[in-house]
Amino acid sequence: MTNRPVRVRLAPSPTGTPHIGTMRQAIFDWLLARKTGGKFVLRIEDTDRNRFVPTALEEIEASLRWLGLNWDEGPEVGGPHEPYFQSERLPLYKEAARKLIADGHAYECYCTPERLDQMRARQRELKEPPHYDGRCRTEEGRAAAKAEAGDRRPVVRFFMPDEGETVVSDFVRGEITFENARLDDAVLLKSDGFPTYHLAMPVDDHEMEISHVIRNEEWLPSAPLHRRIFDALGYELPVFVHTASILGPDRSKLSKRHGAQSVLEYRDAGYLPEAVFNFLGLLGWSLDDKTEIISREEFIQHFTLDRIQKSPGIFNIEKLNWMNAEYMRLMPVERLAALLIEWLERPESEGGLPSNAARPLDFDYTARIVPLVRERVKLLPEARDMMAFFYLPDGVEPDPAQLLGKTFRDNRSRAQLLLSEALVAADQVEGWSHEALEAAFRDLATRMDAKPGDLFMLMRVALTARTVAPPLFETMEIIGKERSVERLRVAVNLL
RNA sequence: GGCGCCAUCGUCUAGGGGACCAGGACGGAGCCCUCUCAAGGCUCAAACCGGGGUUCGAAUCCCCGUGGCGCUACCA
């Protein structure tokens, strides 16, 4: 256990769009840092030149920013341990490798990839676990390999003892013992001079004074290797916490074929960052037996490593949807209005309002609509259809069949009569409030000997061209007398 | 195959020897409310992977099985 100041890091490799599990990890890191007054550092593990994706860094940063996870050190912001890109820290790794060789903990290996492939194939045939056979561990073997290698540069391998065991201590899982004989002589420095993760991670975590390493459980099998490298280099061990994976509905690790696997996709689908943060923070961590909706501040206040779940969890999108809807209802009207306006002002093809709705949208007007709509949608873009008729200057275009519905399908004249009476009543309403409107139209229904629901549905379709819409009288109050009357008139003429 | 991790309702989880005929939430079913749709309220169905121990007592501790997942690269 360490009592160093808390310094945690997220160390993604820029090989594609950051995975949602990476972001969940980032949340845990960030929470621990904020809770303890420690530092959250972002370090880019770009040591694999073959898999490098130029846009990945941008996406990593965008994901973190969208979730509100600010990093104290790293790209953009700098910090005392610059640079934060491993590709710019090569001398450090080279020196560490040199030291390990000098101390007998590592050795140069000249074996060609071809030989290694053959070796592993043979081992598989013999039903042996594939592992490096240690040819270059000895002076003679190395010389022979070097002769075959031509002018190839060697790699540096870690010298894993053949006997004994290595104990790894994980904060939530306890002590895990590995037999050294089962561990491989891992490559530390590749022939291109770049380090592998196994070397870069201990060097940088030590160099950057990282106190807690929170990473996914897929790293557990290589944890003993890392422990031995830390020891061989004389570094103090950080606290390790291996988090359980996030699974798809079929229990395999969440991946492309499960649909969205990046928080950016959730952003683009109209989820709220608050909801995604809350949901991810509660996937693999819990406060107690009740808490579901929890603010960022409460998260920080209560977060502890020991409540991290050991078992993998399935990403339950239904629950995220519910949570998103909760946040839409919980958040200040103004914030939701602003968020919604962003969506509505987009071109229609990108989920915005039809082009005849005038941009920019009026903020105050939208804010009045929000309370009516927020109860009825789960995602931001869903609001578009539920809101469009509030903004259309030329009215809506209900089709007659929709207007009549089942109730008046065989009684068109009755519908027409009711609507024209509604038109008259609307014109006469004193004080255009939803209370006054409701009183007036309930009265009309009574006078006409009609079921209120039948009358209201007729009016609803006339005013919105929809059978599912926000409450009728609040809607009329907002669109105003003039437009209401006009739309009723159009509907009467339609029949 | 070898090694490792994990195991409570369909899902996320609470629980960590007696408070548990196992609690909450999502989803599902039903009822109520109701101008549509929602939201809300109430109710219901739904789980301790199996077997052995330890113990007066096990969801909880131990062992074995089984199952799921991961790792087994000059990827991270």
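All chains are named by letter (A, B, ...) in the order of the sequence lines, taking the proteins before the strands, and each is independently numbered beginning at 1. Just so we're clear, the structure is a prediction, and the values are computed from it rather than from any experiment.
- Side-chain contact between A/Glu125 and A/Arg122 is absent, with no heavy atoms from C-beta onward closer than 4.5 Å.
- Rounded to the nearest Å, the gap between the C1' atom of B/A22 and that of B/A45 is 16 Å.
- For the atom pair CZ of A/Phe178 and CG of A/Leu225, the computed distance is 10.5 Å after rounding to the nearest 0.5 Å.
- Here B/A7 is the nucleotide among B/C35, B/A7, B/C74 with the atom lying nearest to any side-chain atom of A/Lys310.
- Using a 4.0 Å heavy-atom cutoff across all strands shown, A/Gln86 reaches no nucleic acid atom at all.
- Taking only side-chain atoms of A/Arg460, from C-beta outward, the nucleotide of B/A76, B/A14, B/C35 with the closest atom is B/C35.
- Comparing B/C12, B/A73, B/C5 by their nearest atom to the side chain of A/Pro130 picks out B/A73.
- The partner of B/C20 is absent, by the rule that a Watson-Crick or G-U pair needs both atom distances under 3.5 Å.
- Counting only heavy atoms from C-beta on, A/Leu116 has its side chain closest to B/C74 among B/C74, B/C5, B/A76.
- Residue A/Thr291 is classed as having no contact, given no heavy-atom separation below 4.0 Å to the nucleic acid.
- Across the protein-nucleic acid pair, A/Leu419 atom CG and B/C35 atom C1' stand 14 Å apart, rounded to whole Å.
- Distance check: A/Leu330 CG to A/Arg335 CZ gives 12.5 Å after rounding to the nearest 0.5 Å.
- The closest side-chain heavy-atom distance from A/Leu463 to A/Val396 is not below 4.5 Å.
- When the nearest nucleotides of RNA chain B are assigned to A/Glu292 and A/Asn50 by heavy-atom distance, the more 5′-ward of the two goes with A/Glu292.
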Inset, instruction - Please test A/Phe240 against A/His242 for side chain to side chain contact (heavy atoms under 4.5 Å, CB included), starting from the C-alpha separation and ending with a verdict. - result: CA-CA 6 Å; A/Phe240 283 97; A/His242 290 93; 4.0 Å; yes
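- When each of B/C74, B/G40, B/G2 is scored by its nearest atom to the side-chain atoms of A/Pro129, the top-ranked nucleotide is B/G2.
- The shortest side-chain heavy-atom distance between A/Met119 and A/Arg115 falls under the 4.5 Å cut-off.
- A/Lys406 has no side-chain polar atom (N or O) that falls below the 4.0 Å cut-off from OP1 or OP2 of B/U36.
- Ring to ring, A/Phe277 and A/Tyr266 are not that close: their centroids are 6.0 angstrom or more apart.
- In this structure, A/Asn216 places its CG atom 15 Å from P of B/C5, rounding to the nearest Å.
- Taking the C1' atom of each, B/G10 and B/C3 are spaced 32 Å apart, rounded to whole Å.
- Atoms CE (A/Met457) and P (B/U36) sit 7 Å apart, rounded to a whole Å.
- Across all strands shown, A/Arg51 has heavy atoms under 4.0 Å from base atoms, whether or not it also approaches the sugar-phosphate.
- Under 3.5 Å, the side chain of A/Arg173 and the base of B/C5 form no donor-acceptor pair of N or O atoms.
- Comparing A/Glu375 and A/Asp250 by the nucleotide of RNA chain B whose heavy atom lies nearest to each, the residue mapping closer to the 5' end is A/Glu375.
- Straight-line distance from the CH2 atom of A/Trp219 to the C1' atom of B/C6: 20 Å, rounded to whole Å.
- As judged by a 4.0 angstrom heavy-atom cut-off over every strand, A/Pro471 is placed among the base-contacting residues.
- For A/Arg251 against B/C6, a side-chain-to-base donor-acceptor contact under 3.5 Å is absent.
- Counting any heavy atom pair closer than 4.0 Å across all strands shown, A/Thr467 reaches a base atom.
- Looking at the side chain of A/Trp322, the nearest of the listed nucleotides B/G23, B/C35, B/G27 is B/G27.
- Taking a pair to require two hydrogen-bonding distances under 3.5 Å in either a Watson-Crick or a G-U wobble arrangement, B/A39 remains unpaired.
- At B/G1, none of the side-chain N or O atoms of A/Arg120 fall inside 4.0 Å of OP1 or OP2 (strictly under the cut-off).
- Rounded to whole Å, the P atom of B/G65 lies 23 Å from the corresponding atom of B/A59.
- If you check every strand for non-hydrogen atoms under 4.0 Å, A/Ser13 touches sugar and phosphate atoms only.
- Residue contacts for A/Ile176: at a heavy-atom cut-off of 4.0 Å it reaches the sugar-phosphate backbone alone, with no base atom in range.
- Nucleotides B/U60 and B/A14 place their C1' atoms 13 Å apart, quoted to the nearest Å.
- The C1' atoms of B/C48 and B/C6 are separated by 15 Å, rounded to the nearest whole Å.
- Counting any heavy atom pair closer than 4.0 Å across all strands shown, A/Phe441 reaches no nucleic acid atom.
- A 6.0 Å sphere centred on CD of A/Glu435 holds more than 12 heavy atoms belonging to other residues, nucleotides or ligands.
- Across the protein-nucleic acid pair, A/Asn321 atom CG and B/A25 atom P stand 18 Å apart, rounded to whole Å.
- Under the Watson-Crick or G-U wobble criterion, with both distances below 3.5 Å, B/A59 is left unpaired in every strand shown.
- The partner of B/G10 is B/C26, by the rule that a Watson-Crick or G-U pair needs both atom distances under 3.5 Å.
- Applying the 4.0 Å criterion to OP1 and OP2 of B/U13, one finds that A/Lys319 has every side-chain N and O outside that range.
- For the pair A/Arg142 and A/Tyr107, the NZ or CZ position fails the cation-pi test of under 6.0 Å to the six-membered ring centre and within 45 degrees of the ring normal.
- A/Pro470 comes within 4.0 angstrom of a base, heavy atoms only.
- At a threshold of 4.0 angstrom between heavy atoms, the contacts of A/Arg307 are confined to the sugar-phosphate backbone, with no base atom among them.
- A/Pro14 comes within 4.0 angstrom of no nucleic acid atom, judged by non-hydrogen atoms across all strands.
- Rounded to whole Å, the C1' atom of B/G24 lies 26 Å from the corresponding atom of B/C61.
- Phosphate proximity of B/A14 to A/Gln309: present, with a side-chain N or O under 4.0 Å from OP1 or OP2.
- Nucleotide B/A25 holds its C1' atom 14 Å from the CG atom of A/Leu287, rounded to whole Å.
- Between A/Asp385 atom CG and B/C37 atom C1' the separation is 14 Å, expressed in whole Å.
- A distance of about 15 Å separates the C1' atoms of B/G50 and B/A58, rounded to the whole Å.
- Across all strands shown, the partner of B/G50 is B/C64, judged by Watson-Crick or G-U wobble contacts whose two distances both fall under 3.5 Å.
- Taking CE of A/Met328 as the start and CG of A/Leu272 as the end, the distance is 6.0 Å to the nearest 0.5 Å.
- Using a 4.0 Å cut-off, no side-chain N or O of A/Thr196 falls inside it from OP1 or OP2 of B/A73.
- Atoms CD (A/Glu438) and C1' (B/U34) sit 10 Å apart, rounded to a whole Å.
- Here A/Arg466 lies out of heavy-atom contact (under 4.0 Å) with every strand.
- At the heavy-atom level, A/Arg329 lies under 4.0 Å from the strands shown only through sugar-phosphate atoms.
- The residue A/Leu472 sits close to a base: some heavy atom pair falls under 4.0 Å.
- With B/C74, B/C6, B/A76 as the candidates, the nucleotide lying closest to the side chain of A/Asp48 is B/A76.
- Checking B/C3 for Watson-Crick or G-U wobble geometry (two distances, each under 3.5 Å) identifies B/G70 as its partner.
- Look at the P atom in both B/C49 and B/G23: the space between them is 16 Å, to the nearest Å.
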